[in-house]
Amino acid sequence: MVVEAKACRIKDLGLHVGGNVEVKGWVHLVRQHGKNLLFITLRDGTGFTQVVARQGISGYDNLIEVHREAAIRVIGEVVRDERSPYGYEVRARHVEVISPSSPTIEEEYQPNSSPDVLLNKRHLVIRGEKTSSILKYVAKVLKYFREFCEERGLVEVVPPLITRAACEGGATLFSIKYFDEIAYLTQSSQLYLEAALPALGNVYCIQKSFRAEKSRTRRHLTEYTHAEVELAFINFDELIDFTEDLVIHLVQRTLEEDEWILKKLEVDDLNVPKKPFKRLTYREAVQKLKDEGVLIKEGDEIDESMERRLVDQLGEPLFLTEFPASQKAFYFKRKNGDITLSMDLLVPHVGEIIGGGMREDDHEILLLRLKEINANIEDYRWYLDLRKYGSVPHGGFGLGVERTVEWILKLPHIREACLFPRLINRITP
Ligand code: 4AD
């Protein structure tokens with residue numbers, strides 16, 4: 001009886017054709033063919049494979065009792081099999097149940113259960129083939145973002161999430177009790193990235209950001225993954241150029257490495273965007289919308305449906321630039337009057353996935369801006385110091401990781417790009 005063999009992850013089975021291996025994983029699906037034959041789809045996180053077990057092998061009697069999600073250990077021969085959806089199967093010689101499951105697994109949820117049930121059972125739903133694939137792709141996007149920043153010589157930092165200085169305005173702040181004080185969950189790491197510039201040079205981070213936005217849309221989370229960049233000694237055009245290169249890199253690398261998921265989700269029209277991306281100033285965008293009969297006037301916000309209107313018909317990324325100061329945070333540098341050096345990158349299917357711009361680098365003007373929003377100046381003293389000691393032209397942006405995945409994979413809702421989404425009415429599981 002063979003009970004020892006070389007441990008193998010499912011994704012590496014192809015390297016062991018004809019050999020004996022040990023695979024451990026979870027029973028994804030079990031089908032019984034008569035009394036003598038079991039087909040098990042086994043999952044180990046790296047992939048899926050088919051295990052074929054015949055009556056008479058050691059451990060078969062235990063296996064026959066097994067339910068979906070039981071953890072098992074299999075020793076068997078790897079055989080190439082064109083009929084198997086996974087290309088290979090493991091013909092079991094020995095099986096062990098490491099940990100059983102329960103028949104109640106079948107009652108937990110159905111693929112067509114309501115979104116609420118699926119979210120309640122997210123801890124089980126994420127084990128599914130499609131959901132786990134999306135989560136693996138999220139990891140790829142983080143990798144591609146990091147590799148781009150590293151290639152450009154940026155240094156990764158890990159700013160605090162608990163803060164006193166609001167970045168994006170008071171309306172969407174989550175406050176927390178911090179011993180005897182009130183503190184906030186960060187809306188963006190930007191202010192800390194700015195502080196890191198003179199110490200480390202150009203920097204980036206991948207951190208959670210929090211927004212108390214009461215928006216029930218396909219693209220809003222209350223906690224999301226924010227990939228941010230801050231660059232010193234640049235101008236607005238250079239910032240836009242850098243942003244374009246990043247987006248191109250994300251798409252290019254996806255096309256190089258991730259055909260598997262594009263195929264699975266039937267995304268067949270992903271193309272590398274061409275530089276320069278189209279640009280519209282806020283004024284031009286408002287005029288275009290007006291011309292198309294949309295009810296909007298100068299000074300109004302370009303909302304999600306308007307963004308989609310602008311970008312969906314274009315079918316490629318679009319920069320909106322130069323928003324009025326009334327719509328942007330205090331720190332934006334102005335081009336003139338109340339026009340900010342700001343940019344949002346819109347993409348089809350989602351709208352805005354990136355927001356950023358140039359930062360006010362003059363101490364007196366920044367102080368004035370803080371007073372205009374009635375900020376507690378003491379909370380921003382350190383931030384003002386950055387303009388006292390070696391202030392330089394600088395800018396940056398933040399990319400919403402889940403929104404980016406929603407765009408590239410054409411997901412119907414941002415929650416699908418999250419391990420455990422935080423939504424207005426959901427903080428569990
Ligand atoms: O445009 P935002 O608010 O920009 C900032 O926070 C800047 N301080 C970033 C910077 O310059 N370092 O947010 C940036 C991006 C948005 O374009 C969007 O992709 C994402 O963050 N985002 C959200 N994603 C999911 N749910 C929400 N509620 C989001 N709010 C913003």
Side-chain angles (χ1 to χ4, degrees), residues 138 141 145 149 154 157 159 161 163 165-174 184-197 202-232 234 236 239-240 242-243 246-247 250 301-304 307 311 317-321 323 327-333 340-347 349-360 383 394-408 411 413-418 421-424 426:
V138 173
V141 170
F145 178 80
C149 291
L154 278 64
V157 291
L161 301 183
T163 172
C167 187
E168 299 300 317
T172 62
L173 273 177
F174 278 113
Y184 306 108
L185 295 179
T186 193
Q187 298 162 305
S188 159
S189 299
Q190 176 198 319
L191 307 189
Y192 294 109
L193 292 186
E194 288 182 65
L197 277 183
N202 295 340
V203 282
Y204 72 98
C205 70
I206 301 176
Q207 284 277 61
K208 287 303 189 89
S209 280
F210 302 85
R211 303 283 169 106
E213 272 172 309
K214 294 215 164 137
S215 308
R216 278 175 206 267
T217 74
R218 297 164 51 245
R219 64 175 201 181
H220 279 91
L221 296 162
T222 52
E223 174 184 327
Y224 70 96
T225 314
H226 205 172
E228 296 181 87
V229 159
E230 199 65 31
L231 307 168
I234 53 151
F236 192 48
L239 176 65
I240 289 207
F242 187 98
T243 312
L246 168 67
V247 173
L250 297 180
E301 194 196 332
I302 297 178
D303 68 17
E304 181 176 343
E307 285 183 2
V311 73
L318 166 70
F319 279 111
L320 296 188
T321 62
F323 287 83
Q327 289 185 19
K328 288 287 171 188
F330 70 95
Y331 53 73
F332 276 96
K333 193 172 179 66
T340 57
L341 284 173
S342 54
M343 53 108 173
D344 283 357
L345 182 70
L346 316 186
V347 292
H349 179 71
V350 175
E352 182 194 339
I353 59 163
I354 291 178
M358 299 298 293
R359 324 304 190 190
E360 181 52 67
Y383 185 64
H394 67 288
F397 59 83
L399 168 141
V401 172
E402 293 86 356
R403 281 193 191 181
T404 303
V405 172
E406 188 183 1
W407 164 51
I408 294 180
L411 302 179
H413 197 290
I414 193 167
R415 62 180 174 237
E416 309 222 350
C418 266
R422 293 291 173 254
L423 303 162
I424 299 185
R426 177 164 298 277

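Note: hydrogens, waters and symmetry copies are ignored here, and every other heavy atom, side chains too, is used. Both counts, for ligands and for their atoms, begin at 1 and track the order of listing.
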- Does a donor on one side chain and an acceptor on the other come within less than 3.5 Å for H349 and E406? no
- Query: Within a strict 4.5 Å, meaning less than it, do heavy atoms of the T217 and H220 side chains meet?
  - Reply: yes
- Query: Between Y331 and E194, is any side-chain donor less than 3.5 angstrom from a side-chain acceptor?
  - Reply: no
- Note on the structure: Close residues (non-hydrogen atom under 4.0 angstrom from ligand 1) work out to C167, E168, S188, Q190, R211, E213, R219, H220, L221, Y224, H226, E228, Y331, E352, I353, I354, G355, G356, R359, G396, F397, G398, G400, R403, I414
- Query: Among all residues two or more places apart in sequence or in another chain, which pass the side chain to side chain contact (heavy atoms under 4.5 Å, CB included) test with C205?
  - Reply: V157, P159, S189, L193, Q207, E228
- Can you name the residues that form a salt bridge (charged side-chain N to carboxylate O under 4.0 Å, His left out) with E307, not counting sequence neighbours? R219
- Message: Tell me every residue that passes ring-ring contact (aromatic ring centres under 6.0 Å, His included) with F242, counting only those two or more places apart in sequence or in another chain.
- Response: F148
